[in-house]
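Worksheet for the structure shown next.
The analysis underlying the following values was restricted to heavy atoms, covering all of them including side chains, and did not include hydrogens, waters or symmetry mates.
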Amino acid sequence: MAWRKPANLNEWLSVGAKRWTLFLFPALAVMVVVCLASFKVDRVYQAEAMFRRMNDVSMGSTSESMGSRQLDTIRMSYNQDLRGKAAVSQLIDDLGLAKNLPRSRTADGALTAEGQILKDDMIKDMQSRLRIGFQNNTEQQDDITVTFNDSDSQLAPRVVNQLIENYIRKTKQELNDVLLGAKVFFDKETERYRNKVQELEKKKLLIAKGHAGMLPDDPSSAQNKLVEIRGRLASVTQELEVSREKFTAMDAWIKAQPEFIERPINVENPVLRQLLESKTSIENDLDKNLTLFRRTDEHPEVKSLRLRLANIEKKIAETQAQIVGSNQSVPNEQRQLAMRDQQALGGTITALQRQKEDLASQQEQMESLDRDFFSYRSEYTKTDRELTEAIEQAKFWEDKLRNTQIALSAEFSQKGIRLTFLQQADIARPSKPTLLMVLVVAVGLGCAVGAGLVIVTELLDTSFRNADQAMDDLKLPVLGAVSEIVSPAQNFRRRIITMAVYPSLATFMILVLLVNFWLIYMSLEETHRFEQLVSSPASFIKQTLLGRG
């Protein structure tokens with residue numbers, strides 16, 4: 001053996017640095033080959049479309065009977081309705097994917113047994129590549145995504161778009177059918193209970209007409225009247241007793257009061273009258289000085305008049321308007337008012353006495369009628385109970401009918417449970433292989449090949465690197481060592497290769513690799529632009545560089 005193997009990572013890195021060309025160029029070449037080979041790998045394209053299910057806020061209150069149950073059914077069956085066998089089978093027929101399957105030669109052209117088996121396999125295959133997801137999932141709104149993977153970039157978006165269109169059309173039709181069926185049923189029940197209410201009302205009216213005044217809920221019934229009359233009679237009797245006691249007390253008070261009383265008479269105060277006359281005279285003088293003589297408030301005469309006027313007003317405020325005069329004999333007003341009140345109270349007592357007598361007579365009549373009250377109560381109560389139940393049932397079915405009509409109207413006007421496309425799948429993007437997968441394979445395989453070449457070359461190299469290695473391996477003394485003899489021409493060639501050829505070749509290969517990476521990115525992430533580049537490179541470059549087609 002010529003020399004010992006590198007013992008650690010640092011020694012191997014040192015070897016790699018010395019043999020960098022042996023590592024770099026094969027690695028870059030392998031990366032470019034892997035990138036080119038990735039274009040030959042079959043693409044699996046993924047198309048994604050989204051639709052929204054939204055129910056109007058008013059639907060929660062207007063269609064609780066049918067709309068809420070139908071909404072729960074819709075929300076629980078998204079996966080089955082979109083990925084179920086019936087949905088996928090309809091999708092295959094709509095897209096014409098089964099047109100090449102074996103068919104019978106009958107008029108209807110139905111699939112043969114073999115054709116049906118092939119179609120079932122196709123359905124299972126498409127179901128395995130369909131995915132249903134939610135971006136928003138609430139009672140008021142669901143945002144559902146439908147994803148499909150296929151090797152045909154044109155078929156993938158057609159599948160998800162057609163699948164959602166079929167689902168929306170089918171669901172709307174089912175909603176309308178359910179609501180229309182419910183409306184017919186509620187119409188029948190509402191009409192049936194309305195007729196029943198009319199029959200019971202007629203029966204109750206006949207009972208009431210045949211036994212007027214004898215019904216338990218009749219305000220004019222004997223029992224109700226009897227209770228009312230007894231209460232009124234007790235109230236009138238009590239009021240009559242109170243009025244009589246009050247009349248007696250008033251009569252005693254009137255007799256104790258004198259017919260005439262002595263009372264002083266107030267007369268006008270003469271001093272106040274003089275002060276008012278003086279005030280009027282001063283105001284006239286002041287007005288004359290201000291208007292006629294055109295004197296200002298600073299004039300002595302004006303100031304004097306204002307001072308006198310203020311003093312007069314102060315005295316007027318302090319002087320009483322009236323003073324007490326001599327006594328006079330006048331009729332006693334309180335006694336006269338009491339006599340009038342006593343006369344009115346006497347009339348009230350007379351009226352209360354008559355009312356008491358009338359109520360006593362009515363009580364006797366009602367007690368006579370009340371003896372026959374219970375014989376009619378059972379039939380009337382039963383009819384009334386049946387009528388109440390019929391009215392409640394009629395109202396219940398009327399509410400159901402009204403809510404269903406509102407839900408049906410909202411559905412027809414696109415305000416009920418709304419199913420709308422949010423995002424159609426226009427162009428499918430590859431999902432396999434991924435950009436990261438290609439980059440990892442290319443870089444990993446290239447580095448592995450370059451490192452492998454460096455390791456193998458180093459391990460197979462049997463040359464001596466220095467005199468010590470020769471002495472250790474050959475067990476002979478070294479008398480002298482001659483370094484490598486390099487001619488000027490060889491040195492020039494080496495410098496040209498090291499400083500020009502290798503860097504230029506490495507730069508070229510890196511540029512080729514970057515272009516490949518960019519093309520892979522375009523083919524996987526921007527498929528439509530890549531197709532444009534492949535179909536018309538000149539137009540693509542012109543549009544990219546100049547910003548126009």
Side-chain angles (χ1 to χ4, degrees), residues 42-53 66 69-133 142 144-185 408 411-412 417-432:
D42 292 337
R43 298 287 197 266
V44 176
Y45 294 91
Q46 176 176 291
E48 181 178 281
M50 182 186 302
F51 71 98
R52 171 175 293 171
R53 187 282 310 163
M66 298 303 301
R69 289 202 299 268
Q70 192 67 14
L71 176 60
D72 293 339
T73 303
I74 290 174
R75 299 187 68 202
M76 290 187 296
S77 62
Y78 283 134
N79 194 67
Q80 180 62 29
D81 290 343
L82 288 167
R83 294 183 67 246
K85 183 176 181 180
V88 178
S89 177
Q90 182 64 42
L91 173 68
I92 292 174
D93 293 338
D94 292 340
L95 297 180
L97 302 179
K99 61 183 179 180
N100 295 326
L101 297 180
R103 295 180 179 273
S104 62
R105 296 183 179 181
T106 58
D108 57 358
L111 291 174
T112 62
E114 180 185 359
Q116 188 61 49
I117 293 174
L118 293 175
K119 184 177 181 181
D120 291 340
D121 293 339
M122 186 183 299
I123 291 173
K124 292 178 182 179
D125 178 61
M126 294 187 72
Q127 286 177 325
S128 65
R129 291 181 281 134
L130 272 171
R131 295 291 181 271
I132 310 299
D142 292 333
I144 303 97
T145 59
V146 180
T147 307
F148 181 72
N149 295 322
D150 195 84
S151 58
D152 187 348
S153 62
Q154 301 298 323
L155 178 62
R158 292 175 58 202
V159 167
V160 292
N161 291 337
Q162 188 65 43
L163 193 64
I164 293 177
E165 289 177 2
N166 290 348
Y167 173 77
I168 291 176
R169 181 172 60 253
K170 173 177 171 291
T171 304
K172 286 184 176 180
Q173 185 60 43
E174 289 178 352
L175 282 173
N176 293 338
D177 293 343
V178 170
L179 291 173
L180 287 173
K183 179 179 179 299
V184 173
F185 173 75
L408 193 58
E411 195 64 32
F412 286 149
I417 299 177
R418 288 173 285 177
L419 297 168
T420 55
F421 247 121
L422 286 184
Q423 174 186 340
Q424 288 194 354
D426 295 330
I427 299 176
R429 51 184 298 184
S431 61
K432 189 177 181 181

Query raised in the report: Taking atom CD1 of I123 and atom CD of Q90, what is their separation to the nearest 0.5 Å?
Result: 10.5 Å

Query raised in the report: Are there more than 12 heavy atoms of other residues, nucleotides or ligands under 6.0 Å from atom CD of E114?
Result: no

Query raised in the report: L82 and L130: side-chain contact (heavy atoms from CB on, under 4.5 Å), yes or no, with the steps?
Result: CA-CA 9 Å; L82 288 167; L130 272 171; over 6 Å; no

Query raised in the report: If you look at every heavy atom in A47 and V160, which pair is closest and at what distance?
Result: O-CG1, 3.7 Å

Query raised in the report: Under the side-chain contact (heavy atoms from CB on, under 4.5 Å) criterion, do K119 and D93 qualify, and how do the steps go?
Result: CA-CA 10 Å; K119 184 177 181 181; D93 293 338; 3.0 Å; yes

Query raised in the report: Donor-acceptor pair, Q127 side chain versus R83 backbone, under 3.5 Å?
Result: yes

Query raised in the report: Does a side chain donor of either N161 or R158 reach within less than 3.5 Å of an acceptor in the other side chain?
Result: no

Report summary line: dist E48:CD -> T147:OG1 (nearest 0.5 Å) comes out at 4.0 Å

Query raised in the report: Should D94 and N166 count as side-chain neighbours, where that means a heavy-atom distance under 4.5 Å?
Result: yes

Requested in this report: Say whether, by atom type as modelled, one donor and one acceptor occur between the side chain of T171 and the main chain of Y167 under 3.5 angstrom.
Outcome: yes

Query - Contact check, side chains of I117 and D121, non-hydrogen atoms, under 4.5 Å - result: yes

Query - Closest contact, heavy atoms only, A98 versus L111 - result: O-CD2, 4.4 Å

Query raised in the report: Any donor-acceptor pair under 3.5 Å linking the side chain of R131 with the backbone of S128?
Result: yes

Query raised in the report: What is the distance from atom CE of M126 to atom CD1 of I92, rounded to the nearest 0.5 Å?
Result: 5.5 Å

Query raised in the report: Any side-chain donor-acceptor pair under 3.5 Å between Q116 and D120?
Result: yes

**Report entry** Least distance between heavy atoms, R103 atom then T112 atom
**Finding:** C-CG2, 3.4 Å

Report summary line: L163 and A87 have their tightest heavy-atom pair at CD1-O, 4.1 Å

Requested in this report: For residues I164 and I144, determine if any side-chain heavy atom of one lies less than 4.5 Å from a side-chain heavy atom of the other.
Outcome: no

Requested in this report: Decide side-chain contact (heavy atoms from CB on, under 4.5 Å) for V159 and R129; before the verdict, give the C-alpha distance in whole Å, the side-chain angles of both, and the deciding distance to 0.1 Å.
Outcome: CA-CA 11 Å; V159 167; R129 291 181 281 134; over 6 Å; no

